[in-house]
Amino acid sequence: MSHKNHKKVVLFASGSGSNVQKICEYFQNHETIKVTHLYCNNSKARVLEKVTAFGIDYTLFNKAELLDSDKVLEKLLKTSPDLIVLAGFLLKIPKKITEKFSNKIINIHPALLPGFGGRGMYGINIHKAVINKKEKRTGISIHYVNEKYDEGANIFQKEISVKEKDTPLTLSKRVLKIEHEYFSKIIEKILNGGK
Ligand code: GRF
């Protein structure tokens with residue numbers, strides 16, 4: 001496939017970007033899929049250096065620009081990505097974007113949705129809640145994004161067991177490892193599997 005026929009993935013991230021790193025590595029020399037851009041709301045985020053090392057450009061914006069202007073929407077419409085991937089993106093995607101890119105935005109969540117999703121359920125809070133509730137299983141969910149937090153249809157889940165001696169920190173590390181293992185493969189499957 002020539003370069004211009006590659007399917008285009010754009011990433012949204014706010015933080016350290018370990019998933020972004022893995023995704024960029026996975027698709028670096030891919031035959032049919034290319035990571036073309038990063039959208040980020042945090043000018044100090046470590047993810048910016050990560051994509052730059054892969055020669056990928058980024059667009060910075062703040063919360064007000066995302067919500068009250070069409071800066072992000074217009075850029076997305078102009079570049080027409082095949083898939084928008086939220087990889088540790090902390091702001092809510094506004095309706096004007098979700099309705100234009102219906103079934104084209106996916107997110108990864110470090111728990112088994114619909115459990116442990118929604119308001120306040122991010123980062124270490126999730127793993128604390130899982131342990132406090134004495135859950136035996138946790139895992140990851142990759143799901144479509146609609147205008148409600150964490151409520152779009154699930155695409156993929158992978159479970160792991162919560163061990164007696166797990167702390168929120170040990171659990172978060174094991175869950176993140178699973179994210180790294182599966183996220184790129186699921187992106188590839190969505191784009192190349194005809195869905
Ligand atoms: C991941 O746990 C992901 O599930 C959640 O945000 C975290 C991002 O981590 N949505 P990183 O920035 O990819 O390291």
Side-chain angles (χ1 to χ4, degrees), residues 9-28 35 37-54 56 58-61 63 66 83-94 97-98 101 104-131 135 137-160 162 166-190:
V9 172
V10 301
L11 306 170
F12 276 64
S14 308
S16 72
S18 70
N19 277 288
V20 164
Q21 171 79 27
K22 293 285 171 188
I23 293 166
C24 291
E25 282 169 10
Y26 191 90
F27 292 111
Q28 196 172 16
V35 177
H37 205 75
L38 171 81
Y39 291 83
C40 179
N41 63 303
N42 176 2
S43 62
K44 297 199 171 78
R46 279 183 291 149
V47 69
L48 300 177
E49 301 150 34
K50 291 189 171 144
V51 296
T52 303
F54 285 91
I56 296 166
Y58 57 81
T59 298
L60 281 173
F61 54 90
K63 190 174 176 180
L66 177 67
L83 195 66
I84 298 171
V85 174
L86 313 187
F89 184 65
L90 293 176
L91 301 177
K92 193 176 167 216
I93 300 289
I97 295 180
T98 56
F101 292 92
K104 282 197 173 173
I105 312 178
I106 66 168
N107 180 44
I108 189 161
H109 187 77
L112 298 171
L113 292 171
F116 304 97
R119 193 167 278 276
M121 282 295 129
Y122 59 87
I124 202 75
N125 292 354
I126 297 170
H127 308 294
K128 279 183 187 158
V130 166
I131 286 179
E135 295 286 330
R137 321 279 301 162
T138 187
I140 64 168
S141 304
I142 297 171
H143 63 94
Y144 286 108
V145 172
N146 59 26
E147 67 271 25
K148 298 230 177 82
Y149 277 116
D150 298 335
E151 284 182 24
N154 264 324
I155 301 163
F156 173 86
Q157 290 191 309
K158 175 76 186 173
E159 290 190 15
I160 61 169
V162 181
D166 263 321
T167 63
L169 193 62
T170 61
L171 203 53
S172 72
K173 288 187 179 157
R174 289 201 351 268
V175 170
L176 190 62
K177 234 174 129 186
I178 305 290
E179 295 185 37
H180 294 165
E181 196 180 330
Y182 287 96
F183 204 9
S184 301
K185 290 181 189 153
I186 299 300
I187 293 168
E188 186 177 38
K189 202 167 159 200
I190 292 169

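Order of listing sets the numbers, starting from 1, for every ligand and every atom in it. We use all heavy atoms of the structure for the numbers below, so side chains are in, but hydrogens, waters and symmetry mates are not.
Of all protein heavy atoms, the one closest to atom 14 (O) of ligand 1 is S18 OG, 2.5 Å. Protein heavy atom nearest atom 9 (O) of ligand 1, with residue, atom name and distance: N19 ND2, 3.9 Å. Shortest contact from atom 8 (C) of ligand 1 to any protein heavy atom: G88 CA, 3.5 Å.
Any N or O atom pair closer than 3.5 Å counts here, and G17 shares at least one such pair with ligand 1. Between N107 and ligand 1, no pair of N/O atoms sits closer than 3.5 Å. Where the criterion is an N or O separation shorter than 3.5 Å, residue side chain and backbone included, I108 meets it with respect to ligand 1.
The aromatic rings of H143 and H109 sit perpendicular to each other, their planes meeting at more than 60°, with 30° as the lower class boundary.
Proximity annotation for atom 1 (C) of ligand 1: of K22, H109, E179, E179 comes nearest, heavy atoms only.
Of the residues listed (L176, V130, I126), the one engaging L171 in a side chain to side chain contact (heavy atoms under 4.5 Å, CB included) is V130, and it is the only one.
Close contacts between ligand 1 and S16 involve ligand atoms 11 (P), 12 (O), 14 (O) [criterion: under 4.0 Å to a heavy atom].
Using modelled atom types, no side-chain atom of S14 and backbone atom of N41 make a donor-acceptor pair closer than 3.5 Å.
Between D166 and I131, the closest heavy-atom pair is O-CD1, 3.4 Å.
Close placement of the F156 and Y182 rings is indicated, their centers lying within 6.0 Å of each other.
A donor-acceptor pair shorter than 3.5 Å cannot be found between the side chains of H127 and T138.
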